[in-house]
Undergrad: 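Attaching a single structure in structure tokens format; questions to follow.
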Amino acid sequence: MKLYLVPTPIGNLDDITLRAIKILQSVDAILAEDTRTSGVLLKHLAISKPLHSYHIFNEHQTVQRLINQLKEGKTLALVSDAGTPGISDPGFLLVRECIKNDIPVECLPGPTAFVPALVNSGLPNDRFTFEGFLPHKKGRQTRLMELVEEERTMVFYESPHRLLKTLQQLAEVLGPDRPASVSRELTKLFEENRRGTLSELIAYFAQKTVKGEIVICIQGGEGRKGEKRRKERSSEVEDNEDDE
């Protein structure tokens, strides 16, 4: 009785770990976000196991059935199309229900897109906030405005057709001179990591058609500390003027 969360390659199939292969070979069944996508990986690894759909559109309907299977003593592995399950992909609901039912859960270490994008961005990574995908419509502007005071490096996921619009909106809220980076097609043949200010990135991506999953990293602002420092400097100037 156990649920394994198994990260899968985000592009380069060589990034699968030996332990991930061993777990996928040993479980009773594999839960996949898209059985066709995961089927290609399993075929590449010469693994033959029952594949069941588990995605954002059916997770609420299937979670209790899966809990029942686990209680019967089955071992299941959850995979997403790419990366670590639960990171902007289905997984949280099933993990939560397993914990409620005292079912062991084990997450293997492995690929996830935001880590290499953040590390090679050249931006501070000692403290950061992962924002995932911004809301498409309702709540988008509210979320953006909440980031104005954020002092940590911010990490976002985005789709190719929304990239330019998102960069433009971020520039409007955070300022066009804010340092940032855009990473796409990570670990693949045409991997690209573009660094610069938000205005420079907008100019660059406005001239080309992009494909693949995208990670945006943006340097944090001065936030309230910066405002405090500005007030202190302003006060010092006033004091000097009074002395004169």
Side-chain angles (χ1 to χ4, degrees), residues 1-11 13 15-115 128-140 142-143 146 155-159 162 186 212-215:
M1 182 177 69
K2 196 169 193 177
L3 173 68
Y4 291 96
L5 307 178
V6 181
T8 54
I10 59 174
L13 296 183
D15 289 336
I16 191 77
T17 68
L18 295 175
R19 186 174 170 215
I21 295 173
K22 184 181 297 185
I23 293 298
L24 292 175
Q25 290 172 333
S26 67
V27 294
D28 295 307
I30 298 170
L31 311 176
E33 186 179 5
D34 187 324
T35 55
R36 294 166 298 182
T37 301
S38 297
V40 172
L41 175 63
L42 293 178
K43 184 177 180 180
H44 174 76
L45 299 173
I47 296 174
S48 178
K49 288 289 179 178
L51 268 176
H52 303 300
S53 293
Y54 182 81
H55 46 71
I56 191 172
F57 301 109
N58 74 354
E59 58 179 340
H60 285 87
Q61 292 77 26
T62 60
V63 66
Q64 190 55 54
R65 175 171 57 82
L66 296 174
I67 292 296
N68 292 339
Q69 290 181 12
L70 287 160
K71 284 183 174 181
E72 292 169 359
K74 290 185 178 296
T75 55
L76 302 177
L78 175 64
V79 300
S80 63
D81 287 349
T84 301
I87 303 296
S88 292
D89 281 320
F92 161 72
L93 181 61
L94 183 55
V95 170
R96 184 180 65 181
E97 292 305 308
C98 283
I99 293 171
K100 285 182 181 179
N101 287 272
D102 294 322
I103 297 170
V105 178
E106 186 171 342
C107 182
L108 278 63
T112 188
F114 78 81
V115 173
F128 64 92
T129 175
F130 175 67
E131 295 292 327
F133 287 96
L134 288 167
H136 293 170
K137 294 180 181 178
K138 187 177 180 180
R140 187 179 180 91
T142 301
R143 178 77 65 82
E146 290 173 350
V155 183
F156 305 86
Y157 283 167
E158 195 49 277
S159 60
R162 288 195 184 92
L186 287 168
E213 299 297 322
I214 292 168
V215 185

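Residues: numbered from 1 along the sequence shown. Side chains included, hydrogens not; waters and symmetry mates left out as well; all remaining heavy atoms used.
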Undergrad: One pair to check against side-chain contact (heavy atoms from CB on, under 4.5 Å): Leu24 and Val79. What are the steps and the verdict?
TA: CA-CA 10 Å; Leu24 292 175; Val79 300; 4.1 Å; yes
Undergrad: When rounded to the nearest 0.5 angstrom, what is the spacing between CD in Glu131 and CD in Glu146?
TA: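 Going from CD on Glu131 over to CD on Glu146, the span is 8.5 Å.
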Undergrad: Indicate yes or no: at least one non-hydrogen side-chain atom of Ser38 is less than 4.5 angstrom from one of Ile30.
TA: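 The answer is no, as the side chains (C-beta and beyond) never meet within the 4.5 Å cut-off.
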Undergrad: Answer yes or no: are there more than 12 heavy-atom neighbours, outside Lys74 itself, under 6.0 Å from its atom NZ?
TA: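 It does not: Lys74 NZ has 12 such atoms or fewer within range.
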Undergrad: Can you tell me how the ring of Phe128 sits relative to the ring of Phe114, calling it parallel under 30°, perpendicular over 60° and tilted otherwise?
TA: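 Rings of Phe128 and Phe114: tilted, 30 to 60°.
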Undergrad: Could you check whether atom CD of Glu213 has more than 12 heavy atoms from other residues, nucleotides or ligands sitting under 6.0 Å from it?
TA: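 12 or below, so no.
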Undergrad: Under 4.5 Å between any side-chain heavy atoms of Val6 and Pro85, yes or no?
TA: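 Counting from C-beta outward, Val6 and Pro85 never come under 4.5 Å.
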Undergrad: Quick one: CG on Leu66 to CD on Gln61, what's the gap to the nearest 0.5 Å?
TA: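 Output value for this atom pair is 11.5 Å.
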Undergrad: Does the side chain of Tyr157 come within less than 4.5 Å of Val215's, by heavy atoms?
TA: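 Yes, their side chains come closer than 4.5 Å.
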Undergrad: Please check if the side chain of Lys49 supplies one atom and the backbone of Val27 the other of a donor-acceptor pair under 3.5 Å.
TA: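 A pair under 3.5 Å: yes.
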Undergrad: Using 0.5 Å steps for rounding, measure from the OG atom of Ser88 to the CD1 atom of Ile56.
TA: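 It comes to 10.0 Å.
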Undergrad: Once rounded to the nearest 0.5 Å, what's the spacing between atom NE2 of His136 and atom OG of Ser159?
TA: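 If we round to the nearest 0.5 Å, His136:NE2 and Ser159:OG are 6.0 Å apart.
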Undergrad: Which heavy atom of Gly91 sits nearest a heavy atom of Tyr54, and at what distance?
TA: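 Shortest heavy-atom separation between Gly91 and Tyr54 comes out as N-CE2, 4.2 Å.
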Undergrad: When rounded to the nearest 0.5 angstrom, what is the spacing between OG in Ser53 and CD in Glu33?
TA: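 Atom-to-atom, Ser53:OG and Glu33:CD are 10.0 Å apart.
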Undergrad: As a quick check of understanding, evaluate side-chain contact (heavy atoms from CB on, under 4.5 Å) for Leu41 and Thr37, giving each step before the final call.
TA: CA-CA 7 Å; Leu41 175 63; Thr37 301; over 6 Å; no
Undergrad: Grab the two heavy atoms, one from Ala20 and one from Pro7, that are nearest each other, plus how far apart they are.
TA: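 Taking every non-hydrogen atom into account, CB-O, 4.4 Å.
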Undergrad: Using a 3.5 Å distance criterion without hydrogens, assess whether the side chain of Ser80 forms a donor-acceptor pair with backbone atoms of Thr8.
TA: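 No; judged by distance alone, with no hydrogens or angles, the pair does not exist.
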Undergrad: Under 3.5 Å, side chain of Asp28 to main-chain N/O of Leu76, donor-acceptor pair present?
TA: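 Checked: no pair found.
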Undergrad: Under a 4.5 Å cut-off applied to non-hydrogen side-chain atoms, are Thr62 and Leu31 in contact?
TA: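 Heavy-atom side-chain distance check fails, nothing below 4.5 Å.
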Undergrad: Determine, step by step, whether Glu72 and Asn68 satisfy the side-chain hydrogen bond (donor to acceptor under 3.5 Å, both in side chains) criterion, reporting the C-alpha distance in whole Å, the side-chain angles of both residues, the deciding distance to 0.1 Å, and the verdict.
TA: CA-CA 6 Å; Glu72 292 169 359; Asn68 292 339; over 6 Å; no
Undergrad: side-chain contact (heavy atoms from CB on, under 4.5 Å), that's the test. Do Leu108 and Thr84 meet it? Break it down for me.
TA: CA-CA 9 Å; Leu108 278 63; Thr84 301; over 6 Å; no
Undergrad: Nearest heavy-atom pair of Met1 and Thr75: which atoms, and what distance?
TA: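 Scanning both residues, the minimum pair turns out to be N-CG2, 4.2 Å.
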Undergrad: For the NE2 atom of His52 and the CG atom of Asn58, what is their distance to the nearest 0.5 Å?
TA: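 Reported to 0.5 Å precision, the distance equals 12.0 Å.
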Undergrad: Determine whether Asp34 and His55 satisfy the following criterion, side-chain contact (heavy atoms from CB on, under 4.5 Å), listing intermediate values before the conclusion.
TA: CA-CA 7 Å; Asp34 187 324; His55 46 71; over 6 Å; no
Undergrad: Is the closest side-chain heavy-atom distance between Arg140 and Arg143 below 4.5 Å?
TA: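 Side-chain contact under 4.5 Å: no.
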